[in-house]
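Everything quoted here is computed from the prediction, not taken from an experiment.
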Amino acid sequence: MNNILANWWRSYQFEKALSQDDRHQAQQILQKILSSGARLSHLERLFQENQKLVQTNQELKQRQKHLLTVRRTLANSNFLPSVSELIRDISDKFKIERIEQNLIQCTGIDRRIFSPLEAIISDFLEKELLGIQEPSRTANFRTALQDLYGLKRGLDPNYSSQLSPHLYLIKYFLENVYCTYLAWFFVYQQGLLPSRIAILDVAAGPGTVAYGLSLFLQSCCQRMFLPDLHISYSSLEKQKTFQYRGLQVWRRYADSQTTPIPFYFQFLTQDIFEYAKNSSKIARKFFDFVVISHCFFADLAHRRQAFQIYQQIFEKHLKPDGCVFLIIQSRKLYKFYNLRPEQIQCDREERLVREFLNEMGLRLKNYIYISSTGSRTFRKKEFYQFAKSRLPKYESMRTIHHQYLGIKRDLHYAVDDYIILAQR
Ligand SMILES: C[S@@+](CC[C@H](N)C(=O)[O-])C[C@H]1O[C@@H](n2cnc3c(N)ncnc32)[C@H](O)[C@@H]1O
């Protein structure tokens, strides 16, 4: 058969198959026509396009089915699944490096997540502080500073001055949010972050731990399907002004997001030293996590008393399989046991952490030391040069740092904390 005849015969067979609605046969003949190199007739081209559409449609349906399965699995699982792409992304952005088994260096930040919050806080503080008349503003600010700087003389601050929450927001808040973000990332990496979660934050300040978690979940949203989250966050704090200011900022922060992470807040304004009087106001055996972040007293008598009360809190309010989550600055931890950083080697460090937990009747689950410098013995004098070349700068807060702390140089996000997960 010559080519013209062969082409005509195939086209005839193709049309016949179509008229009998035998699409399978038509597809096979179309393949033959395509391999012969013959030009396609109008009908053959239409059929070819139609077949492509059918295939795409099938693929989409399959993908949709797969997504539904993933969503269903997520909804049924109690814990957020470990997604390697997310872990890699966060590790890259925060420049996280493992120096030793339990020592992690972190020198980066995710600006997409942190800059908007920083801008909200600086805007909030500017408006709030400008609304206070002079000389009252300067006088109150000085009182708050004096209270806070008691720390340098080994005195625990009271945080009771009118401007203590503002000072805290200026000086420590964002750095502590940065630290708690990393702490939640650590919990997540171990597969211990539930999608329905109840947190009791002891000595919560403006709600630092809730902010850290919310920012971390914002990162998750960008890389994975989040199941329906239910986050119940209870702040146990003696200064209601801290709770109030924290909530004012939260409203602005939540408003700025297209899909805010749903948090259900409860505010318990209580002094932990009066826990015995107030314990019935806190839900029993309810919390997945009891968090104590940066509230370990310098005064020995207070610290011992607080440890006993913390122990009662864990016993009464933690779920049977719940976790205790402690965040403490390295220098503070070493000082409690009269140790110098040079004395801390791996096994000594673990014994130290266990000793610390023992005082609260806890068992170690896991811990890491996160440090910007990656070293336990970095000298304070050299820190600024290091920070200048390696650490992320504050952006919107710069003017406030200058105006209210009198600091003309840039300040940087830094971390130097033990993050400890424990159980009763
Ligand atoms: C250093 S701040 C830590 C705040 C927050 N947890 C963080 O990591 O950013 C200490 C907080 O503990 C609170 N606090 C101090 N003594 C307390 C007590 N006896 N009872 C309850 N809260 C207390 C202070 O009011 C302050 O908000």
Cut-off 3.5 Å, side chains only: do T373 and S371 have a donor facing an acceptor?
yes
Establish, yes or no, whether a centroid distance under 6.0 Å links the rings of F296 and F356.
yes
Pairing of R63 and E59 as salt bridge, 4.0 angstrom limit:
no
For L18, does its backbone N or O pair with a side-chain atom of D22 as donor and acceptor, under 3.5 Å?
no
Which pairs pass side chain to side chain donor-acceptor pair (under 3.5 Å) with one or both residues in residues 314-324, sequence neighbours excluded?
Y275-H317, D288-K319
Are side-chain heavy atoms of L167 and L405 found at a separation under 4.5 Å?
yes
Would you say D147 and S164 make side-chain contact, with heavy atoms under 4.5 Å?
yes
Geometric cation-pi criterion R340 and Y334, 6.0 Å radius, 45° cone:
no
State whether a side-chain donor-acceptor pair under 3.5 Å links S35 with Q31.
no
Any chance you could lay out the salt bridge (charged side-chain N to carboxylate O under 4.0 Å, His left out) test for R251 and D255, step after step, and finish with the verdict?
CA-CA 6 Å; R251 289 206 178 108; D255 278 352; over 6 Å; no
Just by distance, no angles: are the side chains of T269 and Q243 close enough, under 3.5 Å, to form a donor-acceptor pair?
yes
Would you check if there is a donor-acceptor pair between the side chains of E349 and Y367 at a distance under 3.5 Å?
yes
Verdict with supporting geometry, R111 and E395, salt bridge (charged side-chain N to carboxylate O under 4.0 Å, His left out):
CA-CA 10 Å; R111 292 273 183 207; E395 296 169 335; 3.4 Å; yes
Please name the residue in the list Y211, Y181, F114, F186 that meets the ring-ring contact (aromatic ring centres under 6.0 Å, His included) test with F216.
Y181
Looking at A139, is its backbone amide N or carbonyl O close enough to the side chain of T143 to form a donor-acceptor pair, meaning the two atoms are under 3.5 Å apart?
yes
Drop me the distance from S84's OG to R223's CZ, to the nearest 0.5 angstrom.
11.0 Å
Answer yes or no: is there an ion pair linking K277 with E274, defined by an N-O contact shorter than 4.0 Å?
yes
Within a strict 4.5 Å, meaning less than it, do heavy atoms of the L236 and F267 side chains meet?
no
Check whether E118 reaches the backbone of M397 with its side chain - one donor and one acceptor, N or O, closer than 3.5 Å.
yes
Does the N57 side chain pair with the main chain of L53, one donor and one acceptor, at a distance under 3.5 Å?
no
Side-chain donor or acceptor of Q329 paired with backbone N/O of R331 under 3.5 Å:
no
Under 3.5 Å, side chain of Q239 to main-chain N/O of N158, donor-acceptor pair present?
yes
Any side-chain donor-acceptor pair under 3.5 Å between R23 and N50?
yes
Identify whether NZ of Lys or CZ of Arg in R376 sits under 6.0 Å from the centre of the six-membered ring of Y369 and within 45° of that ring's axis.
no
Quick one, I121 with Y253, criterion side-chain contact (heavy atoms from CB on, under 4.5 Å). Give me CA distance, side-chain angles, the key distance, then yes/no.
CA-CA 9 Å; I121 291 171; Y253 160 68; over 6 Å; no
Before we go on, tell me: are the rings of H230 and Y264 under 6.0 Å apart, centre to centre?
yes
Nearest 0.5 Å, what's the CG-SG distance between L226 and C221?
4.5 Å
Whether the side chain of E134 engages the backbone of T138 through a donor-acceptor N/O pair (distance < 3.5 Å, no angle test) should be reported.
yes
So, are D92 and R88 salt-bridged, with charged N and O less than 4.0 Å apart?
no
Roughly how far, to the nearest 0.5 Å, is the CG atom of L357 from the NZ atom of K365?
12.5 Å
Would the distance check show the side chain of E237 and the main-chain N or O of G205 forming a donor-acceptor pair, the cut-off being under 3.5 Å?
yes
Between K388 and D410, is the closest basic N to carboxylate O distance under 4.0 Å?
no
Given 3.5 Å as the limit, does a donor-acceptor pair link the side chain of Q423 with the main chain of R363, or not?
no
L163 vs L129, test: side-chain contact (heavy atoms from CB on, under 4.5 Å). Steps then yes/no.
CA-CA 9 Å; L163 292 185; L129 291 168; 4.1 Å; yes
Tell me, yes or no, whether the heavy-atom count around R142 atom CZ, taken from other residues, nucleotides or ligands under 6.0 Å, exceeds 12.
no
Kindly state whether the ring of H412 and the ring of Y394 have centres lying under 6.0 angstrom apart.
no
Are the side chains of L174 and L169 in touch, meaning some heavy atoms are under 4.5 Å apart?
no
Would you please classify the geometry between the F297 ring and the F273 ring as parallel, tilted or perpendicular, with 30° and 60° separating the classes?
tilted
Are there over 12 heavy-atom neighbours, none belonging to E342, within less than 6.0 Å of that residue's CD?
yes
How many angstroms lie between CG in L229 and SG in C220, if you round to the nearest 0.5 Å?
8.5 Å
Roughly how far, to the nearest 0.5 Å, is the CG atom of L130 from the CG atom of L125?
10.5 Å
Side-chain donor-acceptor pair present, R245, Q248, cut-off under 3.5 Å
yes
Should we say atom NZ of K285 is surrounded by more than 12 heavy atoms from elsewhere, each under 6.0 Å from it?
yes
Does the side chain of Q311 pick up a donor-acceptor pair with the side chain of R424 at under 3.5 Å?
no
From CA spacing to verdict: side-chain contact (heavy atoms from CB on, under 4.5 Å), I96, F185:
CA-CA 11 Å; I96 292 175; F185 178 47; 3.7 Å; yes
Look only at the side chain of S372 and the backbone of V415, and say whether a donor-acceptor pair between them is shorter than 3.5 Å.
yes
What's the spacing between I99 CD1 and Q105 CD if we round to 0.5 Å?
4.5 Å
Taking the ring centre of each residue, are H166 and Y404 less than 6.0 Å apart?
no
Is any side-chain heavy atom of F265 less than 4.5 Å from a side-chain heavy atom of S235?
no
Is there a side-chain contact (heavy atoms from CB on, under 4.5 Å) between K238 and I272? Walk through the geometry before answering.
CA-CA 7 Å; K238 79 169 175 181; I272 53 152; over 6 Å; no
Answer with yes or no after comparing the ring centroid distance for F173 and Y168 against a 6.0 Å cut-off, counting only values under it.
no
Can you spot which of T180, D417, T208 makes a side chain to side chain donor-acceptor pair (under 3.5 Å) with H294?
D417
With heavy-atom distances below 4.5 Å as the criterion, would you say the side chains of K93 and D89 are in contact?
yes
Ignoring hydrogens, what is the shortest heavy-atom contact between G108 and Y178? Give both atom names and the distance.
O-OH, 2.6 Å
L268 versus N278: any side-chain heavy-atom pair under 4.5 Å?
no
Check: W250 and S214 side chains under 4.5 Å, non-hydrogen atoms:
yes
Test item: side-chain donor near acceptor, R112 and Q218, under 3.5 Å
no
